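All values derive from a computational prediction rather than experimental measurement. Below, read A as the first sequence line, B as the second, and so on, with proteins coming before strands; counting in each chain starts at 1.
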2 protein chains.
Amino acid sequence: MKAKRVSLDDIAKALGVSKATVSFVLNGRGDEFNISKKKQELIHEKAKELQYVPNFFAKSLRQGETKTIGLVLADISNPFYAEMCKIIQETLYSKGYNTFIVNTNDDKELEKTLMRELIQRSIDGMIISPCNTIDALIPILHETHIPVVFSDRPGDENADFVGIDNMKEASLLIGKFKNKPKKILAISQHDTSIQTISERLQGLKDASKKSGIELVHINLSSERKEALAQVKNELSNHVDAIIPLNNMVALATLGILQELKINVPNDVKLISFDDHEVFSFMTPSVTALRQPVNKIAAISVERMMERLKESQVPGKHQLLECEFMERGSH
Amino acid sequence: MKAKRVSLDDIAKALGVSKATVSFVLNGRGDEFNISKKKQELIHEKAKELQYVPNFFAKSLRQGETKTIGLVLADISNPFYAEMCKIIQETLYSKGYNTFIVNTNDDKELEKTLMRELIQRSIDGMIISPCNTIDALIPILHETHIPVVFSDRPGDENADFVGIDNMKEASLLIGKFKNKPKKILAISQHDTSIQTISERLQGLKDASKKSGIELVHINLSSERKEALAQVKNELSNHVDAIIPLNNMVALATLGILQELKINVPNDVKLISFDDHEVFSFMTPSVTALRQPVNKIAAISVERMMERLKESQVPGKHQLLECEFMERGSH
DNA sequence: AAAATTTACTAAATCGTTTTACTAAATCGT
DNA sequence: ACGATTTAGTAAAACGATTTAGTAAATTTT
């Protein structure tokens, strides 16, 4: 029942010319190959009439390139990645590339499988925010020789990376409270082994030690009740400032504080590492450190384009500055 | 410089067997074709040793199917679509399909181009939330004969559709305020021609007429100052309830109300058509009508799987019920 | 008018798989 | 021991494009 697609050969036969001629003309190289204007017109007409759609696979198979970049994201429902994804796709598109987006859900096994899937599709390059340590990815990346750009989360030393300096930014963050806090609570959620999260935590540790501020850290339970107890417990131990280690954790934390009837910023100050589009609409508005997501996206694509031209340039780590969004919670 | 990939033939030559044999074995059909255990093992070993990755294009070209579904979304940075996207991708993956996601940004031209791109890639089917009226898409969809499922936003009458009954849900929404309002302000933003938005508006119009409630509608300016003036003006005209026509508009509206120092729900009540993960964290928490996004996603995939099996079944419109999230703003 | 060049094409190889049709050798049934 | 069947494969066509090498006819050059 499947109506097969119209092929080059169908057009060629309908007009009594060769496939080569049709191919030349439809690729805009008719003049170059001395195809007469009349015949060119005829071919274009016939192609339209038959609703010819070139078979991308046949083309890629022959040409060995796909003009497609794979984009491997950890969590597409996080607005940070959603925005990054949107910009990367737009930018790549403007350069004649398509984007194959996959979402790993921070699941290492799925990440491996999806990366293999992308490589099978002969993508020309890959932009990736790895789940975690990239140890598991190395063998996969060695199966292929396509350029890889790590975005937001670093890969190995000599691979391209575009993102922020999490340690530095975190350590600077401590100085941003209006009044120097006595005891800071850093909060994470889910997997603490994610490199960006542990770097942020390390930055906070270093800076708090230097400035004589006490620092505690909890990893929020996924059980609501337990999470409430965790936070309540820390607050009763004289915590006067909170730094959630990313935007989603910040939202969860704010929900918990609300339920505990803790007032921000009166009872406790809060600065979120990572911004969220809704922070400015909340009461109080949430002070946050904003990662330059559009720059990260744009520069990632730029790096990729360079790599695609000459693959032997050494890896470059590009660290961008964050912006402090001064609002009402600190 | 480009190191070409290892092919079936490389393995075949290395072992002195035919390509066919290698293909049979690597596809797990070695027994079926009476390939000896010893040879099978040898082939698997060699494949691993040479890090063989099958060329997906060659395979698809030969087999005529790609096990890939195209997913065309209007705005991936809207959490509703992001979530839908995530679930659709997961569900399709569990059924052995990959997902090719594209983001149209509600741009009709881009939508057409991207759809063509997908069709060129011989996707087996397409799940789509069209920008707008699908008139422009019809010719494109006729270029191909792959199954199409419209998700969240309807396509034409006899195509599959999975979503909600926007008119009905909107008209029911008016009865949800704790106290019957006198004058409701419906707010949209950007393109009012999006079908779901105009259906919601129509539903509100019908219901307000029946229940003797006055209804006004504005389309929010993208100029912040102008938008503030628009809302202020309506409020001074005795509006006592607001219904933003989707979640993003709700966020924008809340921002404006905050800047105008209008208290919700004391000065004005608000119910959002469309939920957002942050609504429960806000002060006051935002009452909203929640679309069953996971059901929409799951059923969309289900429909697609049925279509892929037998393409000649008549189109089905599947309308799901929304859930009223009773919170503090109404 | 013969040689050289240009014009307007075409035939066939190629990319890397899958799959059909075929074959030689081994084993089986009687 | 003879034909029949099974075993263990192989060769070659096919998918649909691109591209190289070639060619006959027309035109230009000398």
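When the P atom of D:dT6 is taken as reference, atom CG of B:D31 falls 17 Å away, rounded to whole Å. Between the CZ atom of A:F24 and the P atom of D:dT20 there is a distance of 9 Å, given to the nearest Å. In this entry the distance linking CZ of A:F57 with P of C:dC15 reads 20 Å, nearest Å. In this structure, the CG atom of A:D9 is 19 Å from the P atom of C:dT14, given to the nearest Å. Atoms CZ (A:R29) and C1' (D:dA17) sit 13 Å apart, rounded to a whole Å. Taking atom NZ on B:K59 and atom C1' on C:dT17, their separation rounds to 9 Å, with Å as the unit. To the nearest angstrom, P of D:dG16 lies 13 Å from CD of B:Q63. Remark: C1' of D:dG16 and CG of A:L26 are 13 Å apart, rounded to the nearest angstrom.
Proximity of residues 32-55 of chain B to DNA chain D (heavy atom under 4.0 angstrom from any strand atom) is restricted to B:F33, B:N34, B:S36, B:K39.
When all heavy atoms are compared, the tightest approach of A:P54 to A:R5 is O-NH2, 3.1 Å.
For D:dA17, one of the phosphate oxygens OP1 or OP2 lies less than 4.0 angstrom from a side-chain nitrogen or oxygen of A:S7. When the side-chain nitrogen and oxygen atoms of A:S18 are compared with OP1 and OP2 of C:dA11, none of them lie within a distance under 4.0 Å.
A centroid separation of 6.0 Å or more is found between the aromatic rings of A:F161 and A:F150.
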N/O-N/O pairs, protein side and nucleotides 24-29 of chain D side, under 3.5 Å:
none

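If you check distances only, the side chain of B:R62 never reaches the base of C:dT17 with a donor-acceptor pair under 3.5 Å. Counting distance only, with no hydrogens placed and no angle test, the side-chain atoms of B:K19 and the base atoms of C:dT17 include a donor-acceptor pair under 3.5 Å.
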### Task
Any chance you could encode DNA chain C as dot-bracket? Rule is Watson-Crick or G-U wobble with both distances under 3.5 Å; [ ] for pairs crossing earlier ones, | for another strand.
||||||||||||||||||||||||||||||
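Under the 4.5 Å side-chain criterion, counting only non-hydrogen atoms from C-beta, A:T113 is in contact with B:Y93.
Here the CD1-CG distance, from B:I140 to B:L118, works out to 10.5 Å after rounding to the nearest 0.5 Å.
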